[in-house]
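So the structure is just underneath, and the comments pick up after that.
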Amino acid sequence: MEKRVVCTAATVAAVACVVAVLVIRKRSKGIKWGKVREMLKEIKLKCALPIERLKQIASAMETEMHAGLASDGGSKLKMLLSYVDKLPTGAEEGLFYALDLGGTNFRVLRVQLGGKEGGVVRQEHKEVSIPPHLMVGSSHDLFDFIAEALSSFVASEGEEYKVPEGKQRELGFTFSFPVKQLSLSSGTLIKWTKGFCIEETVGQDVVAELTKAMERQGLDMKVAALVNDTVGTLVGGRYEDGDVVTGVILGTGSNAAYVERASSIPKWHDELPKSGEMVINMEWGNFKSPLLPITEFDEALDFESLNPGEQIYEKLISGMYLGEVVRRVLLKVSEEFPIFGDIIPPKLEAPFILRTPQMSAIHHDSSLDLKVVAKKLKETLGIHNTSIKTRKFVVDVCDMVAKRAARLAAAGIYAIIKKIGRDTLSDDKQRTVIAIDGGLFEHYTAFSDCLERTLRELLGEEVANSVVIKHANDGSGIGAALIAASHSN
Ligand code: BGC
C-alpha cells in the first residue's frame, strides 16, 4: 500500500516535471529572441563608453573641479573644504571614539592608538541598523537613536577605559552626506542623499544636533572632528601607506576626497595652512554632464527618486541604484516580450526590490545551468521556471549596468589623477595610491575588476604601473578617530 502511494507520488512529480519543461520550451519558443537581443543591443549602445568618451567625461569632471574650487556654487561639484590640513603622522596616541553614519547601518568604534611604534593597538566596534522610518522621520528621533547606541556602547565598556577625572571622551564623527564645514568640528547639512530625507536637518549643524542628543542621554563626549567617509578613508589609508592621495567610496552612495594644494583653492580666503595642503571632499555623486550615458531607465529612476535632478553620477554608479536600473530594464523588456512568461511578474514592478547584492550574485553565477540566477529570480522576483536563454539574458543585463558603472567610476578616479598631475610619470617614479572602500567595490568583483582594467586603459600601461588601488577596509571610522586624535586637546 505504502509502496503504491510512493509510486503514485513519484509518477505525479515526473509528469509535473515533463509538463513544466514543455511549458518552458513552449514559452521560450514563443519568445522572439532575435528581437529581444536587438532591443538589448539598442540599450547597450546608449550605455556604451568607449575610451575616448571616458576621457571626455574625465575632462568635463576636471573642469567642474576647477569651477567648484574657484567659488561656492560655481559648479555641480561642491568641492567642499574639509578643514583637514594635517594628515596622520603615525604619532597619534590615546583612546578615541568614532561614529560612522552614512547608510542603512551605522557603526560606533573605540580605537586605542599606540603612538609612533604602536599603530592601532586595539579597536572594537558595534554595528546598528537604522530603522527605515528614522531615515525619513525627525532629526530629533534619528540623533536620539544614534546617541542612545553610542551611550550603551560606552556604558558596557570595562574599567580599563575609564576616563580620568576632568577629561572628556573625544569622538570623530563620520557623517557621509554633503556638509558645508564651518570648522573641523562643525558643519551644516547641505542635503540628504541615499534614501535619507529629513527636511528639518537641512541647514542645521549636525555636530550640534548630535551633541544635544548626547546630552539628552547624559553622555559626556566631545565631537573633536566632523568628517566625510571619503575623508576618513583617505586619512585611514594614509596612516597605512604614505602614498595614499585619494579616498573613494563605492558603496550605497559614491564620492571621493583628495589632497589638494591650498594655493589651488581660490575660494579659500583664510590664512594658508602650514602644510600647504587641504583635503577636499568633492561630492562627485552630484556630477552631471551631457556626456553621461543616460537612458530612459535612468531618467525614470531619477524622476521617481527622493532627490530628482540631484546626484546623477551617483545614480549611475553606486550600489543603491544598480539593481534598480537592472529591474527597470527587465521590466521594460518583459512588457514587450514574454521573457518571464505571459504575464509580467508582479514583483518585478516593485521599485528597489532587486538590490545590488542580488544582482551581483546573478552576475557572478558560473554554474553551467545558471542555477544561482534561477534561484535569485525565484526568491527575489517570484519568477519560476526560467529557461537558460532567459537566465543568460538577465546576466547580460547585469553585465551592461555594472560595466557602465565601473567604467564611469574609473573615469572619475582618472579625473582626480589628472587634476593632481599624477597622469604622467615623475622622475622619481612616485607611487600614487587610491584607497577605496564600500560594499560595491568590496563584494562585486566583476565591477571592481572592470574598474581597475578601465583605469589602466585610461592611464596607459606605463603610468598605470605607478598607480595602486588599495581596498581600505573600514578605513573611514579609523580615519575619523585619527583626525580626532591629531586635533585633540
Ligand atoms: C554622499 C557623500 C558620501 C557618499 C558615500 C553620497 O551620497 O553625498 O557625502 O561620501 O554618499 O557614502
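When a ligand or atom number is given, it counts from 1 through the structure's own listing order. Bear in mind that the values here come from a model prediction, so they are computed numbers and not experimental data.
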Requested in this report: Return the orientation label for the His471 and Phe441 ring planes: parallel under 30°, perpendicular over 60°, tilted otherwise.
Outcome: tilted
Report task. On the 0 to 90° scale, with breaks at 30° and 60°, tag the Trp192-Phe196 ring pair as parallel, tilted or perpendicular. Result -> parallel
Does ligand 1 have any atom that is closer than 4.0 Å to a heavy atom of [X]?
X	answer
Pro178	yes
Gly102	no
Gln311	yes

Requested in this report: Could you say whether the N/O atoms of Asn281 and ligand 1 ever approach to under 3.5 Å?
Outcome: no
Query raised in the report: Hey, looking at atom 12 (O) of ligand 1, which of Leu250, Asp229, Ile249 has the closest heavy atom?
Result: Asp229
Requested in this report: Report the distance from atom CD1 of Ile353 to atom CD of Glu324, rounding to the nearest 0.5 Å.
Outcome: 10.0 Å
Query raised in the report: Taking the side chain from Ser318 and the backbone from Thr252, do they hold a donor-acceptor pair closer than 3.5 Å?
Result: yes
Query raised in the report: At a 4.0 Å threshold, what atoms of ligand 1 neighbour a non-hydrogen atom of Phe177?
Result: 9 (O)
Report summary line: Taking only non-hydrogen atoms of Thr193 and a 4.0 Å limit, the atoms of ligand 1 in range are 1 (C), 6 (C), 7 (O), 8 (O)
Tell me, which protein residue and heavy-atom name are nearest [atom], and how many Å apart are they?
atom	answer
atom 9 (O) of ligand 1	Glu283 OE2, 2.6 Å
atom 6 (C) of ligand 1	Glu314 OE2, 3.0 Å
atom 11 (O) of ligand 1	Lys194 NZ, 3.1 Å

Query raised in the report: At a non-hydrogen distance cut-off of under 4.0 Å, which region of Ser318 contacts ligand 1 (side chain, backbone, both, or neither)?
Result: neither
**Report entry** Heavy-atom pair of closest approach, residues Leu40 and Val397
**Finding:** CD1-CG2, 3.9 Å
Query - side-chain hydrogen bond (donor to acceptor under 3.5 Å, both in side chains) partners for Ser75, two or more places apart - result: Glu64
**Report entry** Under-4.0 Å salt bridge between Arg169 and Asp220
**Finding:** no
Query - Salt-bridge criterion met for Lys315 and Asp302 (N-O under 4.0 Å) - result: yes
